[in-house]
Number of protein chains: 4
Amino acid sequence: MTTPPNNRDEKTLYASEGAQNILLAAEKLFALQGFSSVSISSIAQTAGVSKANIFHHFENKEALYLAVLSNASCRMSALLAELDSGEGNASEQIARYTQQHLKNLFNQSNITKLILRQVQTENREDSPKVAHDVLGENFTRFVSILEKFQEKGELRQDIDPAMIATLLVGSNVFYFQIQSVLDRFPEMQFAENPENYSALLTDIVLNGILDKP
Amino acid sequence: MTTPPNNRDEKTLYASEGAQNILLAAEKLFALQGFSSVSISSIAQTAGVSKANIFHHFENKEALYLAVLSNASCRMSALLAELDSGEGNASEQIARYTQQHLKNLFNQSNITKLILRQVQTENREDSPKVAHDVLGENFTRFVSILEKFQEKGELRQDIDPAMIATLLVGSNVFYFQIQSVLDRFPEMQFAENPENYSALLTDIVLNGILDKP
Amino acid sequence: MTTPPNNRDEKTLYASEGAQNILLAAEKLFALQGFSSVSISSIAQTAGVSKANIFHHFENKEALYLAVLSNASCRMSALLAELDSGEGNASEQIARYTQQHLKNLFNQSNITKLILRQVQTENREDSPKVAHDVLGENFTRFVSILEKFQEKGELRQDIDPAMIATLLVGSNVFYFQIQSVLDRFPEMQFAENPENYSALLTDIVLNGILDKP
Amino acid sequence: MTTPPNNRDEKTLYASEGAQNILLAAEKLFALQGFSSVSISSIAQTAGVSKANIFHHFENKEALYLAVLSNASCRMSALLAELDSGEGNASEQIARYTQQHLKNLFNQSNITKLILRQVQTENREDSPKVAHDVLGENFTRFVSILEKFQEKGELRQDIDPAMIATLLVGSNVFYFQIQSVLDRFPEMQFAENPENYSALLTDIVLNGILDKP
DNA sequence: CATGAATGAGGTTTCATTCAT
DNA sequence: TATGAATGAAACCTCATTCAT
């Protein structure tokens, strides 16, 4: 069994080529179809290895799923960590963050789908806390940025920064989720592309929608 | 086989007690676990009938799933249709709509989960257009309300009403989705309950977050 | 799943023809080859049913094994119960009992092998108490017969009747066990058949082997 | 591959430490669970080596089993050969032999179990003749001792010595076999320990059980 | 309307074994 | 000498589905 992420530096985790192939194939299929719909056979076929080989590297299907989830989460976490708050005033930074966030969702759509599935599925006692870790870390970071702007007086004082973050992140996630059905909704094609969408989103969140002359 | 929804009026559809039990059991299980994870056996057990009996009422598993989806969608549609735009100015009506919408999501959480799953699942050629119908109808109605307000000059002219609707609906949906993991996020408990959440949400969407003296 | 031996009279237990076929086939194979060497496939083939059908009647392989064991034990118990102490003095009754006992072992050789295997296998905590029941019942009955003769003064007073029973039963069982390899031992063919063997056995146990003029 | 037992003197057989570990682990597991229930994996784990290493030392699973059997048989044979007929009259020698025999069974319980399993298993064409060798040698030796006493007139003339040997050995083996279930039989605890048991056994075989004043 | 019996296809997992290193 | 990676075959078991009753 390929040694788990304990005793080596991160780069060599699941370093064996075979295990990596399996992880990638599984990630793709799990993201697309969910846990139960994906058979070990199909993963083996996609990865170009034998069924038995999958069980050589991972104890069972669930362990493979968790490895995929954990692996994907790490990568997503890394991406989110790079969302620099950079320079500029509140409006500029928020706009940039929101835009990059949505871009990440699309760039890593497999991971995104995987995590969304996980959140959506009734979480039992023993379900992994992966979603928590990934979403939580990033969320906290974003909130702390917003807090600074609030302290500087650039944002309204009467709003919880976490609410703002939820709204921006949530709207991005929702947009990502309905992408697959979006071409059937003529009304919803106001935002021709993700960049455009997050620009519109940021505009509203920053300024509101009321007509104030 | 129970006659399908064509040749009878809606009230008597699947009127037989057995079929109703099956539909309810299936709805619950499909919402919680998705299509593939749910076996006919488990549905039979939950419904308290025999496996064979399920095939007596529904042609196959997929047909049962569609029946559940269609049944659920009808109920959700009915709920959404009751969302009265009622009286009041834009702010009031938007706030009321948003709040009732979120309440509906929670009241019919099984249906909501079912539809979200459906949207999330890679839509194959033959996948049902149920999501389209339900979401679409309601969405169009909401957009048209917003358009009227825009024409009256109560809302900014430079925003597509569909964008506003997306933002409000999307934020509600996102809040619903993260409910199951929410108790593990201390930062996100700013909104102690759904009502509170949609109030905060509406406030931001209406007024923006910038500190404008 | 075929209803277990609770709510019906004994005759109809596992009455469904299919389940009976499976039980018989499994008994034969388990007795000959042991638990792990026997595949569900081979049982299915022997019974003339599909693999899946076996799991329709029995929860899993182990449950089937237990059912076989329990079923066989019952039949063996019934046989042993019929070993009448009848009439005659100690010598006659003991001789008759021993002879019939050995005959039973051979007549029901499958059951005998099954139970011997069971006893031989390291018994875990949760292992069935079947052997206990079958062997125990019969053993107790035999001992009590011997006790009566002891009270009447026909047997030596200084011997525990249980020791006598053990010796007679044990020698029978041993003879049964080595049958399969017996034809390779020229020295051991003194007893051309089971009847002869138990006659010789009884003679020794009754009279000893010392040359007392 | 470790050279097989042909071209070296016995002492250096499987002398490599690795092979010895494997043999010991396999002996233990085969004795406890039988051939089919034991996987190469479990043997490797118990022996603390890799699966591949087992195939490095033994051609395949069956060859390993035979090696274990042969190895164990040799040790048991040696033990039995040491059963000195020593001095004393028939009663004394028979008593001593029986007692030491039972002690051997318990001291080498793994080997005993192994051989009993082997005897119990339907002997196919290709099954090893190990049981024959071990049991046969010892048995013949015992019988010849008894024959001498018979010639001397210490034993009854009308009994085949092989029958006596069978009775003593068989009763010992039976006692060994039921040890594992014995603590659940209150009636059978007349013999608190093996020594006691063989004493009682010898007494009966020598003198019979009838009350002859 | 309802069910128990039955099954073919396919699921996950285990197994003995090989091979390059 | 020793092992991790790999695999074909076969194990146990589940599933959706059919049919006679």
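Chain identifiers are assigned alphabetically (A, B, ...) following the order of the sequence lines, protein sequences preceding nucleic acid strands; residue numbering begins at 1 within each chain. If you're wondering where the values come from, they're calculated on a predicted model, not measured in any experiment.
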**Student:** With sequence neighbours excluded, tell me which residues meet side chain to side chain contact (heavy atoms under 4.5 Å, CB included) with B:Ala26.
**Tutor:**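 In terms of side chain to side chain contact (heavy atoms under 4.5 Å, CB included), with neighbours along the sequence ignored, B:Ala26 is linked to B:Phe30, B:Ile43, B:Leu64, B:Val68.
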**Student:** Taking all atoms of both residues into account, what is the closest heavy-atom pair of C:Phe35 and C:Lys61, and its distance?
**Tutor:**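 Shortest heavy-atom contact: O-NZ, 3.1 Å.
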**Student:** For DNA chain E, which residues in residues 34-45 of chain B have a heavy atom at a distance below 4.0 Å?
**Tutor:**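 Residues of residues 34-45 of chain B that come under 4.0 Å of DNA chain E do not exist, since none gets that close.
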**Student:** Between C1' on F:dA11 and CD on C:Glu62, what's the gap in Å once rounded to a whole number?
**Tutor:**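 For the pair C:Glu62 CD and F:dA11 C1', the rounded distance is 16 Å.
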**Student:** Taking C-beta and beyond as the side chain, do C:Ser73 and C:Ile115 meet within less than 4.5 Å on heavy atoms?
**Tutor:**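 In contact.
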**Student:** If the condition is side chain to side chain contact (heavy atoms under 4.5 Å, CB included), which residues does B:Ser39 pass it with, not counting sequence neighbours?
**Tutor:**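 B:Ser39: side chain to side chain contact (heavy atoms under 4.5 Å, CB included) contacts with B:Ser41, B:Ser42.
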**Student:** D:Leu64 has an atom CG; how far is it from atom P of E:dC15, in whole Å?
**Tutor:**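 Result: 15 Å.
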**Student:** Looking at every non-hydrogen atom in both residues, tell me the closest pair between A:Asn21 and A:Ala47 and how far apart they are.
**Tutor:**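 The answer is O-CB, 3.8 Å.
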**Student:** Taking atom P of F:dC15 as reference, at what distance in whole Å does atom CZ of B:Phe55 sit?
**Tutor:**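 In whole Å, F:dC15 P lies 12 Å from B:Phe55 CZ.
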**Student:** Can you tell me how far apart CG (B:Leu66) and CG (B:Asn71) are? Round to the nearest 0.5 Å.
**Tutor:**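 Those atoms lie 12.0 Å apart.
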**Student:** Does B:Arg117 reach the main-chain N or O of B:Leu32 with its side chain, forming a donor-acceptor pair under 3.5 Å?
**Tutor:**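 Yes: the side chain of B:Arg117 pairs with the backbone of B:Leu32.
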**Student:** Should the pair A:Lys113-A:Glu27 be classified as a salt bridge under the 4.0 Å nitrogen-to-oxygen rule?
**Tutor:**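 The answer is no: the pair does not qualify as a salt bridge.
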**Student:** Give me the distances for all protein-to-nucleotides 7-9 of chain F N/O pairs that come in under 3.5 Å?
**Tutor:**
unit_1	atom_1	unit_2	atom_2	d
F:dT7	OP2	A:Ser50	N	3.0
F:dT7	OP2	A:Ser50	OG	3.1

**Student:** Any luck finding a side-chain donor-acceptor pair between A:Ser36 and B:Ser37 under 3.5 Å?
**Tutor:**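 Checked: A:Ser36/B:Ser37 side chains pair up, N/O donor to acceptor below 3.5 Å.
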**Student:** Without decimals, in angstroms, what is the distance between A:Asn21 CG and F:dA5 C1'?
**Tutor:**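 It works out to 13 Å between those atoms.
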**Student:** In whole angstrom, what separates B:Phe58's CZ from E:dA2's P?
**Tutor:**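 It works out to 12 Å between those atoms.
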**Student:** Using whole Å, report how far CG of A:Asn60 lies from P of E:dG11.
**Tutor:**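 From A:Asn60 CG to E:dG11 P: 17 Å.
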**Student:** Please confirm whether the backbone N or O of D:His56 pairs with a side-chain atom of D:Asn53, one donor and one acceptor, at under 3.5 Å?
**Tutor:**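 Answer holds: no.
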**Student:** Suppose we screen for side chain to side chain contact (heavy atoms under 4.5 Å, CB included). Which residues come up paired with B:Ala52, at least two apart in sequence or across chains?
**Tutor:**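 B:Ala52 satisfies side chain to side chain contact (heavy atoms under 4.5 Å, CB included) with B:Ser50 once adjacent residues are dropped.
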**Student:** OP1 or OP2 of E:dA2 less than 4.0 angstrom from a side-chain nitrogen or oxygen of B:His57, does that happen here?
**Tutor:**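 Checking E:dA2 against B:His57, a side-chain N or O does come within under 4.0 Å of OP1 or OP2.
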**Student:** If I take atom CG in residue C:Leu29 and atom P in nucleotide F:dC12, what distance separates them, rounded to the nearest angstrom?
**Tutor:**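 From C:Leu29 CG to F:dC12 P: 12 Å.
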**Student:** Can you check the C:Lys61 NZ to E:dT12 P distance for me, whole Å?
**Tutor:**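 Distance, rounded to whole Å: 21 Å.
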**Student:** Under 3.5 Å for both distances, Watson-Crick or G-U wobble, that's the pair rule; now give the dot-bracket for DNA chain F, with | marking pairs to another strand and [ ] for crossing ones.
**Tutor:** .||||||||||||||||||||
